[in-house]
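Take a look at the structure below.
Throughout, a chain's letter reflects where its sequence line sits, starting with A, and its residues are numbered from 1.
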Amino acid sequence: MRGLRRGSARGLAPARVLGATLVGLVVAMAVLGPLLVEGSPTRQDLSAVLQPPSAEALLGRDHLGRSVLVRLVHAARLSVSLGAAAVAAAALPGILLGLLAAWAGGWTDRVLSGFGDAVLALPGLLLVLLVVALAPGAFWPLFIGLSLAMWVEWFRVTRAASAALLASPAVEAARLLGFGPWHVLRRHVLPEMMPLFGTLAAFGCAGAVLAVGALGFIGIGLRPPTAEWGLMMVELLPYYDEAPLAMLAPALCLFALVLGLQLLAGRDPR
Amino acid sequence: MGGVARALLRRAVQAALVVILVSALCFTLVRILPGDQALRIAEGRYGYDRVTAAAADAVRAELGLDRPAIEQFAAWVGRLARGDLGASLVTGERVVAEVAYQLGHSLMLALAALAIALVIGPILGLFAGLRPGGVVDQAGMVGAAALRAMPVFALGIGLMLVFGVALGWLPVAGFHEAENIILPALALGLGLAAASARVARDATVAVTSAPFFRFALLRGLTRAQAVWQHVPRNAAVPVLAYLGVQLALLVEGVVVVESLFGWPGIGHALSHAIAARDVPMLQGTALSLGLIFVALNAATDLAMIALDPRRR
């Protein structure tokens, strides 16, 4: 057991450190990459198709002669920002409605929970697919679909955790002392839930990044010539023999980001 | 039997929600898509070349497409309730017939993947948990963490390239021979197996450090006997419970894996329907995937009740 103990409150378990490093690397690639690596992710050079790595294109060129490295860093920016935005858009309503349900109880709670159950009746990706069907290839339905599928998890966790906290003696004492709801939330409820939110955010981001890759891969997410990891893999699949690195690189990036987020999150909260 | 009735009722409500959610989304989709809906449906019925404005008007009157949205939605749900899912806009085939053909393939793939998850994962987890911190434990858990972070499509490509192309042991596509299912089922099942291995490992550690396990050894049972008597049944409950949570991943994976391997199932048809904006097919396939999800959930509930008397 000792060697494998999962991250404690101090968060210094080796798995967490590895996770933070991986996530840090990919985020750095997303933020700094497009500044450091010159060039456009969609500029083709048909005279250099499937070229092996060279000084101008460190990871070689794809089937249309585009630099794999340039596309990789732009795809990193896309996945990281879409994942983070979807998590933020899911977290905000999820937390607020969860607090509301736990605070108000009664019919408010029943209606909100029923609504949450309705969304959970379908597997998340199926819901995203149905929303994406409204406008295939566009960015916004992907974002809306992901947030729509993900807010329920935030709602349920917030509702369950804050209901327990609201029933604690500390909260009761604060209420008896005449403190209002805002004080109770800020002082007793939200600080206790921060670690939980961190875990949810990391898992949610991993799920969103995987979903974007999967949809790109099966050709109903973002469309070419967008630089997206799943899309890059499926485009280069026919050339696995001539340019293995060009297909492997996006897979490795996606894997590193998801593994990093999962390690950072620790145990599955569900 | 209270537990069984309650579980089934809950899943019946979930099934109803799936139908409402999918039909409402598909109905919205039809209304916001550009172009004349009646013309598109008439095309689906009579073929692109034989459709006329009169045919479109007949469809419009018959289906009440000129009525208010709420009435139309009621009619839409009414047709659905009679099992009329319409015809595919691409092939012109009845959606029910197409989906019935695909359903078998998808179920076969999903069950094969579940079998992998329920055999490989728990056995590996058991051996890892019997010696916590040992070589099997460390290696197995690192492998499980890596597998869980691996996108299903990347795993599928890896399996294809290694076993299909480099080694040439297994076919990478096709669906007529029994061996065709191995690679897609592995791509779908290995991630789930990793999750169940982790849960089985923790459950094994919990059981072997429980007082009743020590008592079994004191009673004079050998360690193997004690493990056999106590671990599988006690570990099965958390493994199944966790698998129940992971069923969403299974259904999501079906869509991706079928598209990758060209497996003629519902997931494959769903992604085609989205690309072609074939709303009747989209509704039919999404409904069946949603209902498979509910059915698998119900089966998990019943298995849990059978295994764990406290849930009855």
(message) I'd like to know if the side chain of B/E252 reaches the main chain of A/P123, judged simply by a donor and an acceptor atom lying under 3.5 Å from each other, with no hydrogens or angles considered.
(response) no
(request) Write out, in numerical order, the residues from residues 207-214 of chain A with a heavy atom short of 4.5 Å from a heavy atom in chain B. (result) A/L210, A/G213, A/A214
(message) Less than 4.5 Å to any heavy atom of chain A: does that hold for the side chain of B/V256, its backbone, both, or neither?
(response) both
(request) Tell me, out of B/V22, B/L161, B/L289, B/V152, who's got the most heavy-atom pairs with chain A below 4.5 Å. (result) B/L161
(request) Please look at B/L291 and chain A and tell me whether the side chain, the backbone, both or neither of the residue comes under 4.5 angstrom of a heavy atom of that chain. (result) neither
(request) Could you check which of B/S259, B/A146, B/G253 has the highest count of heavy-atom pairs closer than 4.5 Å to chain A? (result) B/A146
(message) Shorter than 4.5 Å, heavy atoms on both sides: which option in B/A286, B/A154, B/P151, B/G290 has the most such pairs with chain A?
(response) B/P151
(request) May I ask you to check whether over 12 heavy atoms, not counting those of B/F163, lie within 6.0 Å of atom CZ? (result) no
(message) Which heavy atom of A/A121 sits nearest to which heavy atom of B/V18, and what is that distance?
(response) O-CG2, 3.5 Å
(request) Using non-hydrogen atoms and a 4.5 Å limit, figure out which bit of A/L261 sits close to chain B: side chain, backbone, both or neither. (result) neither
(request) To the nearest 0.5 Å, tell me how far B/F153 CZ sits from A/L254 CG. (result) 5.0 Å
(request) For the residue pair A/F217 and B/I157, establish whether any side-chain heavy-atom pair is separated by less than 4.5 Å. (result) yes
(request) Going by the side-chain contact (heavy atoms from CB on, under 4.5 Å) test, name the single residue among A/L215, A/I220, A/I218 that passes it with B/V255. (result) A/I218
(request) Return yes when atom CZ of A/R110 has more than 12 non-hydrogen atoms of other residues, nucleotides or ligands closer than 6.0 Å, and no otherwise. (result) yes
(request) Give the minimum heavy-atom separation between A/Q262 and B/R148, together with the two atoms involved. (result) NE2-O, 3.5 Å
(request) Determine the minimum heavy-atom distance between B/F293 and A/L122, stating which atoms define it. (result) CE2-C, 4.1 Å
(message) For A/F197, I'd like to know if atom CZ has over 12 heavy atoms of other residues, nucleotides or ligands within 6.0 Å.
(response) yes
(request) Among B/L25, B/L21, B/I274, find the one that has a side-chain contact (heavy atoms from CB on, under 4.5 Å) with A/L130. (result) B/L25
(message) Report which part of B/L270 has an atom under 4.5 Å of a heavy atom belonging to chain A: side chain, backbone, both, or neither.
(response) side chain
(request) Select one option (side chain, backbone, both, neither) describing which atoms of A/L237 are under 4.5 Å from chain B's heavy atoms. (result) side chain
